[in-house]
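Right, one structure below, let's go through it.
Both counts, for ligands and for their atoms, begin at 1 and track the order of listing.
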Amino acid sequence: MRARCGRGASTSRCSTRKTPGASRCGPSAERTEFPMSDLIEATIVATARPCPDVAQIDLLPHGEGIVFEPGGHIDVHLPLEGGVQVRSYSHVAIGPDRSLRIAVKLLPDSRGGSRAMGRLRPGDRIRISAARNDFPLSFAAPRHAFLAGGIGITPILAQARALKAAGRGFTLHYCVRDRASGPWIAEMEAEFGASFTLHDDSAQGLLDARAFVAALDPETELYMCGPYPMMAAVKSAWAAAGRAPARLRYESFANSGASESVPFSVRVVETGAEVTVRRDQSLLDALLMAGQPVMYDCRRGECGLCKVEIEEIDGDIDHRDVFLGDQGRKGALCACVSRLRGGTAQIRIDSISHGPSV
Ligand code: FES
């Protein structure tokens, strides 16, 4: 069995997070991506709150440490309800003691990961994967621009610092709900000076994606990470402006929906199972916990492996993936990130209806 590797909108280049080995198929939420012997033990050495709803965590990997690359990430293996689950976090920085800084958005409708991460304190131990980088920074681009929204600043900040250290110019545009809701704003203003622009939604309204793209030099390579609506608007503006798809690089993250998460329910046509999805739980996790054999890989809305087909629906869908195009979204959703805005649906699970990809 092999995982299908998904791409975002056809006009854009999407960083996909591939995992070694096979894709995963439930019911096996407790399965991990790596053999346990490949995991690295790490000790939390410091924690901080750079803004009220972001936890900054410095962790020191035991042994040889971690290879730090701007845009890279580690997977943290967390013991949560239903078994060990994996969450990916971008590196923000590496300290002189080789400790790695990550940051976690503390979500009220957390699937459990952010709550567990927010409780970590110095001295606690966690298990992490080796570092991987599916959002690499190209130094070959003639010009660089960065666009981040909310917690999407984490990989972008590391990339901007790498360019600055290399003596290269760039612009960094950071969109926040309001000034109090973004981490490290004063630090970035001091560090990047005129290269840094803060976009405060509460004062300026949402980013005008077309104007933003139009203002970029035609040779610019844009790196972005943020909530789904912001990235969708910029991808659409990028395509409408006729810019080269390869010059738009982006990374998505889960929980980047347009609406607040609420509970909903589904009925699986093939098995007859009725599954209720809590507000702090993904449809994928609810299906796995109910013993439904749904396949998955990235858990970030990028690979499309967890796609389920919608046969009937009483409610709307909050699509949060970057895999399905507009056409695909009419009758399907990616169960790892997308959800109903309440109500109920009858779904078909791709891997039951069509069998796993081989
Ligand atoms: S597991 Fe990859 S899109 Fe859901």
Quiz item: Is any NZ, NE, NH1 or NH2 atom of the basic residue among Arg329 and Glu309 found under 4.0 Å from an Asp or Glu carboxylate oxygen of the other?
Solution: no
Quiz item: N/O/S atom of Cys303 under 2.8 Å from atom 2 (Fe) of ligand 1, yes or no?
Solution: yes
Quiz item: Do Lys105 and Asp53 meet the salt-bridge criterion of a basic N to acidic O distance under 4.0 Å?
Solution: yes
Quiz prompt | Tyr296: numbered ligand 1 atoms lying under 4.0 Å from its heavy atoms | solution = 1 (S)
Quiz item: In terms of ring plane angle, is the pair Phe146 and Tyr223 parallel, tilted or perpendicular, where the classes change at 30° and 60°?
Solution: tilted
Quiz item: Any link between Val269 and Ile349 through a network of hydrophobic side chains (Ile, Leu, Val, Met, Phe, Trp, Tyr) touching at under 4.5 Å?
Solution: no
Quiz item: For ligand 1, is Asp297 a contact, meaning one of its heavy atoms is under 4.0 Å away?
Solution: yes
Quiz prompt | Taking atom 3 (S) of ligand 1 as the reference point, the nearest protein heavy atom with its distance | solution = Gly304 N, 3.2 Å
Quiz item: For Arg143, does the CZ atom sit with more than 12 other heavy atoms under 6.0 Å from it, leaving out its own atoms?
Solution: no
Exercise. Taking only heavy atoms of Cys306 into account, list the atoms of ligand 1 that are under 4.0 Å away from them.
Key: 1 (S), 3 (S), 4 (Fe)
Exercise. Show which atoms of ligand 1 fall inside a sub-4.0 Å distance from at least one heavy-atom site of Gly301.
Key: 3 (S)
Quiz item: Just which atoms of ligand 1 are under 4.0 Å from any heavy atom in Cys336?
Solution: 1 (S), 3 (S), 4 (Fe)
Quiz item: Do Phe192 and Phe170 have their ring centres less than 6.0 Å from each other?
Solution: yes
